[in-house]
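Report on one structure; see the data block that follows.
Counting starts at 1 for both ligands and their atoms, following the listed order. One is the number of the first residue; the rest follow in order along the sequence. As the structure is a prediction and not an experimental result, all values here were calculated from the model.
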Amino acid sequence: MTKQRVLSGVQPTGNLHLGNYLGAIRNWVAGQSQYDNFFCVVDLHAITVPHNPATLAADTYTIAALYLACGIDLQYSTIFVQSHVSAHSELAWLLNCITPLNWLQDMIQFKEKALKQGQNVSAGLLDYPVLMAADILLYDADKVPVGEDQKQHIELTRDIVDRLNHQFGKPNQPVLKSPAPLILAEGARVMSLTDGTKKMSKSDPSDMSRINLLDPPDLIQTKIKKCKTDPVRGLVFDDPERPECNNLLTLYTLLSGKSKQDVAIECVEMGWGQFKPLLMDAAIAHLKPIQDKYQSIMDDKGYLESVLRDGREKAEDIANQTLRRVKGALGYSLPL
Ligand code: TYM
């Protein structure tokens, strides 16, 4: 039986944080042996907000190295860079022409990011989800493992598939395959360390709001020491009045590998002074092997380049076939 296909990606904007790791990459790693996986570094998405050309290439390598350091295994998975496979931009254009403008204007993430950009909102920011749809659809992906914040973009992708198949497919012969989101219950929405009602995010101006995968142990300690808590003794999950408490207990559960039930029992009578050192130790111990492996990968740039070269070849092969199929369905004369 052929394996189902998975595709996902992360933008090379700054460092990866625990939200990216617990919401997405950890799940890629956990499920990878069951699927045929494609993981890309989505560097075309990275320029939808103002970016720094001096660091874009280095950031792209960092994210690819972190995929490997977090446990992506090339036996099951292909790692590549989005901009190395030109079919992504080309399919995005074709999809643009069948996607109604108001669908894009309704996207929550567009509205949030546009607010922050003021006068500088690019057409690319509005178009971001169409490029994301192209990423997914080029590989006929069955599943897309992401954090909760991406669910709406995958629903939009499904709507684009329905529209394109309806307009250009034949009965019982769809042009594109509809993907499903793969969102886990725990870790799908990791919250900020400085405000438990806000998502942990790369774009938060305060670095104290997030733990980055490459933060050294003393910085992790400082961030947890200073993170927002509440004055209540006894730590419990799922109390809507205590968002920070729920978030920090969830982080502890996922980083320590203990069950939610065990953590609930362990922490029910604790104060923050007792809990914080446990969370610090769990975070530092969990990230150490990732940081060590990252270092050894970065010390061998030739290896990383060869991984991305092989990845591009495999990705391009599949992507070009899909692109040809879509162009054919839309009525283009195909190059011979
Ligand atoms: P990006 O780089 O913003 O986020 C990468 C992944 O991290 C997840 N994530 C979180 N999960 C839990 N808690 C958080 N606080 C948190 N913050 C981020 C995101 O849900 C995402 O899974 N648009 C995508 C990139 C993309 C993509 C794709 C994903 C482009 N093309 C195709 C899947 C398939 C994004 O938001 O990246």
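- If you look at Ser8 next to ligand 1, the close heavy atoms, those under 4.0 Å, come from the backbone and the side chain alike.
- Considering each of Val146, Asp149, Thr157, the one bringing a non-hydrogen atom nearest atom 20 (O) of ligand 1 is Asp149.
- Heavy atoms of Gln11 found under 4.0 angstrom from ligand 1 belong to the backbone as well as the side chain.
- Contact annotation for Asn20 and ligand 1: heavy atoms of both the backbone and the side chain come within less than 4.0 Å of the ligand.
- Only side-chain heavy atoms of Val144 come within less than 4.0 Å of ligand 1; its backbone N, CA, C and O stay farther off.
- Contact annotation: for Met191 versus ligand 1, there are no heavy atoms closer than 4.0 Å.
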**Request:** Under the side chain to side chain contact (heavy atoms under 4.5 Å, CB included) rule, what do Asp238 and Lys260 come out as? Steps first, then yes or no, please.
**Result:** CA-CA 11 Å; Asp238 301 323; Lys260 185 171 175 181; 3.0 Å; yes
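- At a heavy-atom distance under 4.0 Å, only side-chain atoms of Ile136, from C-beta outward, approach ligand 1.
- Side-chain polar atoms of Asn15 and Asp215 form no donor-acceptor pair below 3.5 angstrom.
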**Prompt:** Can you check ring pair (Phe, Tyr, Trp, His ring centres under 6.0 Å) on Tyr139 and Phe80, steps first, answer last?
**Reply:** CA-CA 13 Å; Tyr139 299 89; Phe80 68 101; 5.6 Å; yes
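- The protein atom (non-hydrogen) at minimum distance from atom 35 (C) of ligand 1 is Tyr128 OH, 3.4 Å.
- At a heavy-atom distance under 4.0 Å, only side-chain atoms of Lys202, from C-beta outward, approach ligand 1.
- A search for ring-ring contact (aromatic ring centres under 6.0 Å, His included) contacts involving Tyr252 returns Phe275, not counting sequence neighbours.
- By the criterion of a heavy-atom distance under 4.0 Å, neither the backbone nor the side chain of Cys40 is placed next to ligand 1.
- Only the side chain of Asp135 comes within 4.0 Å of ligand 1, judged by heavy-atom distances.
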